[in-house]
Amino acid sequence: MPDRVLILAPRGRDAAIAAELLGRNGVASVVCDDQTALVAQLDAGAGAVMLTEEALTVGDQDKLVAWVAAQPSWSDIPFVVLANGAKTPRSPVAGERLAGLGNVVLLERPLHSEAMIGAVRSALSARARQYELRDAADTLEQAVVDRTRELEAARESLQIALDAADMGSWDIDLKSGDVRRTPRHDEIFGYTEPLSHWSVDIFLDHVDPAERADIAASFDAALTDGSLDIECGIVAADGNRRWITAKGRVRYDGDGNAVRMTGVVSDVTDRKEADAQLAQAHKMDAIGQLTGGVAHDFNNLLTPIVGSLDLVRRRHRDDERTQKMIGGALQAAERATILTQRLLSFARRQALQPRAVDIGALIDGIVDLIRRSLGPLIAVTLDVPRHLSPARVDPNQLELALLNLAINARDAMPGGGSLTLSAADVVLDVRNTVGVQAGRYVRLVAADTGVGMDRETLARATEPFFSTKGVGKGTGLGLSMIHGLAAQSGGTLHLSSEPGAGTQVELWLPATQDIPDKIGEPRAEPVTARRAASVLLVDDDDLVRCATADMLRDVGYTVLEMRSASQVLAMVRSGMDADILVTDYLMPGMTGGQLINELRESGVRIPVLLITGYAAAGKDVPTDVPRLAKPFRQVDLAARVDELLRCTEPGKVKLKAIK
Ligand code: ADP
Ligand code: MG
């Protein structure tokens, strides 16, 4: 109703005349009897008020003046006041009230109707503009509300996305130096409560001192390059070391001056640690391959040395001096064998002979040796349940591993302390944190109360040749060998330690339901041939082959030596005879495994013994083929050949091509 005129003219017929006049000119109007009625109509909306001067003087005008004063900012209702004219002077009350109305057009009476209509029309059109402005302001306000809501929604989505990505965001005003951040930003830097102030300098203070200069340079360069992309180590306020990445973009003003830099920061410590572990694993693998190769060559060298020494000793049985010298040489060779075994076991290429082992019995068997090696200052305690599952592992290697652990514990407790060896059955599911397949395991723990290890030592302890013990004291092969043994056996090794808080070494081995067998006493003398049998021996290494042949001949076998698998095949095809085949694994041209398969495919049945320095050797070797690890002693070789020959009746299986 912005176009209606409210009329207040209490005297006589004034109001009716005015209303009629307005009506004739197409202007709607409402006649109000008094000010209370007028105010009520004003509340409903009006285009203008027409009133007579005398209406101002009667009654209480406060309500009207209050209404005028309380109008919203867009509104200023126009009053067309019909004044008394020059003949009647205005009363002071009327003057004062007139001033209170604000937007007033005074028309002196008597007046021409045209003049009155003109004044009313212009008041109405002014009022109409006020309404238009109000509507425009309303639309604008609504638009602002809508935009704000949109922005808020966008901001909220951005915040959710940042949270999901676990990122903090930051925004630097390069002119004022103000930096706005999300709470997550400050949290990444180790602040539980957001800081009141932040700056690039505070950021740089957190950066690892070694990287600080480079990172500062990256910030500088970003101002010209337009983008920042950094990754660095920080020391957070809580003292923790973390890895973070920060990426940002720079905005410029019209003159090309950098004005803002905005971006995100995230904590990438977990990824970095995983990367480092992977790199470490790759490194270990590379070292393993190298070590494995070297150790394999050493085994090939040791085989003829040990073999020849064995033979010489048997030939000069009565010469005490020679016996002593050879004994010394054999001992040294034995030590060299153990060393190469450790190297191979680290490389996971050791010819392990895993079988079901009663762990409790094994520990009982060596605890005396451990107590003796550790001395009276160190108390050795056992905690092994009576009904423990057998574990599948090479018992000799496990003994060696436990001895190594005990010696490490001794070295960590120069002033004495205690070592506890415990074992337990543990069932792991797929989600285990140990990093092994789901299944039943026997967990062996060696816990000492020694000096412990710092983070760096702990991280590198299983690396081969890593030792903190000084030249001549440690080989650095103990833990690496155990690590290899555990992994190759299908288990794992886990170390936990802190400086001053001792060390716990966990050796996880797969449990088995097989019945553990008793480990037999080693024989002192080699078994001699129980019948005249011929051995077909193939090895590409002349020294190894000769020594092996000598060992076999010494106990009474006939030996046919060959240099390659293809030579064997050729001889078989031409009808050669033998009772047993002793073959090396890794040979140029064709492996021992391929040879065995080739022979079996052409229908040849002959007992075979595989001699090898590699455990990995042998994916292509049938599982029923027994193995002997290089370097071997004559006793062991003779025993194996004897066993194999005993299982087969003479004359029944012969190396003969069936074609
Ligand atoms: P080595 O004993 O020859 O030094 P190891 O592979 O057995 O080699 O151990 C590597 C390193 O790990 C040791 O030099 C030592 O720093 C640390 N270490 C191993 N076991 C312990 C332990 N029980 N307590 C403290 N440190 C240990
Ligand atoms: Mg050691």
Side-chain angles (χ1 to χ4, degrees), residues 276-277 280-281 283-288 290-292 294-295 335-350 363 366-367 369-371 373-375 377-383 396-423 443-489 491-508:
Q277 266 173 17
Q280 175 75 359
K283 187 167 107 188
M284 298 283 263
D285 207 45
I287 300 176
L290 197 73
T291 332
V294 172
R335 291 229 301 269
T337 306
I338 290 172
L339 188 70
T340 46
Q341 257 172 15
R342 287 187 182 187
L343 288 175
L344 279 173
S345 78
F346 164 70
R348 299 179 204 172
R349 299 228 180 129
Q350 193 187 27
I363 294 179
I366 58 161
V367 72
L369 180 60
I370 289 177
R371 287 210 168 95
S373 329
L374 265 49
L377 291 178
I378 296 171
V380 179
T381 319
L382 298 189
D383 181 9
N396 297 321
Q397 295 303 313
L398 181 60
E399 281 187 349
L400 201 62
L402 289 177
L403 268 175
N404 268 305
L405 290 180
I407 293 191
N408 279 348
R410 179 197 65 191
D411 294 345
M413 299 185 285
S418 72
L419 168 68
T420 309
L421 294 175
S422 54
R443 185 188 59 201
L444 271 164
V445 184
D448 65 50
T449 56
V451 292
M453 290 179 246
D454 57 27
R455 274 170 69 123
E456 206 210 341
T457 308
L458 187 62
R460 298 192 56 195
T462 51
E463 256 177 48
F465 307 114
F466 174 82
S467 175
T468 55
K469 295 181 185 167
V471 181
K473 287 202 176 126
T475 57
L477 287 174
L479 288 177
S480 65
M481 166 252 164
I482 302 169
H483 176 260
L485 170 69
Q488 204 182 331
S489 308
T492 189
L493 177 73
H494 181 78
L495 309 182
S496 46
S497 185
E498 260 177 48
T503 298
Q504 278 206 23
V505 183
E506 291 174 23
L507 183 56
W508 293 76

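Counting starts at 1 for both ligands and their atoms, following the listed order.
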Any idea which part of [X] is under 4.0 Å from ligand 1, heavy-atom wise: side chain, backbone, both or neither?
X: Asp448; value: side chain
X: Thr468; value: both
X: Ala461; value: both
X: Leu479; value: both

Rounded to the nearest 0.5 angstrom, the CG-CG distance for Leu421 and Asp448 is 10.5 Å
Interatomic spacing from CD in Gln504 to OG in Ser422 - rounded to 0.5 Å
7.5 Å
What do you reckon, does Thr457 put a non-hydrogen atom under 4.0 Å from ligand 1?
yes
When you measure from the heavy atoms of Gly450 to every atom of ligand 1, does any distance fall below 4.0 Å?
no
Below 3.5 angstrom, do we get any N/O pair linking Val451 and ligand 1?
no
When you compare ligand 1 with Asp411, is there at least one nitrogen or oxygen pair between them that comes in under 3.5 angstrom?
no
Within the 4.0 Å heavy-atom shell around [X], which atoms of ligand 1 are there?
X: Gly478; result: 5 (P), 6 (O), 7 (O)
X: Ala412; result: 22 (C), 24 (N), 25 (C)
X: Met453; result: 17 (C), 18 (N), 21 (C), 25 (C), 26 (N), 27 (C)

Nearest heavy atom to atom 20 (N) of ligand 1: which of Thr462, Asn408, Asp454 does it belong to?
Asn408
State which residue, out of Thr503, Ile378, Val451, Leu374, fulfils the side-chain contact (heavy atoms from CB on, under 4.5 Å) condition with Met413.
Ile378
Donor-acceptor check, side chain of Thr449 to backbone of Ser418, threshold 3.5 angstrom: yes or no?
yes
Validation row: Glu456, Leu458 side chains within 4.5 angstrom (heavy atoms):
no
Evaluate the side-chain proximity of Ile482 to Asn404: yes if any heavy-atom separation is below 4.5 Å, no if none is.
yes
Those residues at least two apart in sequence (or on a different chain) that pass side chain to side chain donor-acceptor pair (under 3.5 Å) with Arg460 are Glu463
Restricting to side chain to side chain donor-acceptor pair (under 3.5 Å), what partner residues turn up for Thr457, sequence neighbours left out?
Asp454
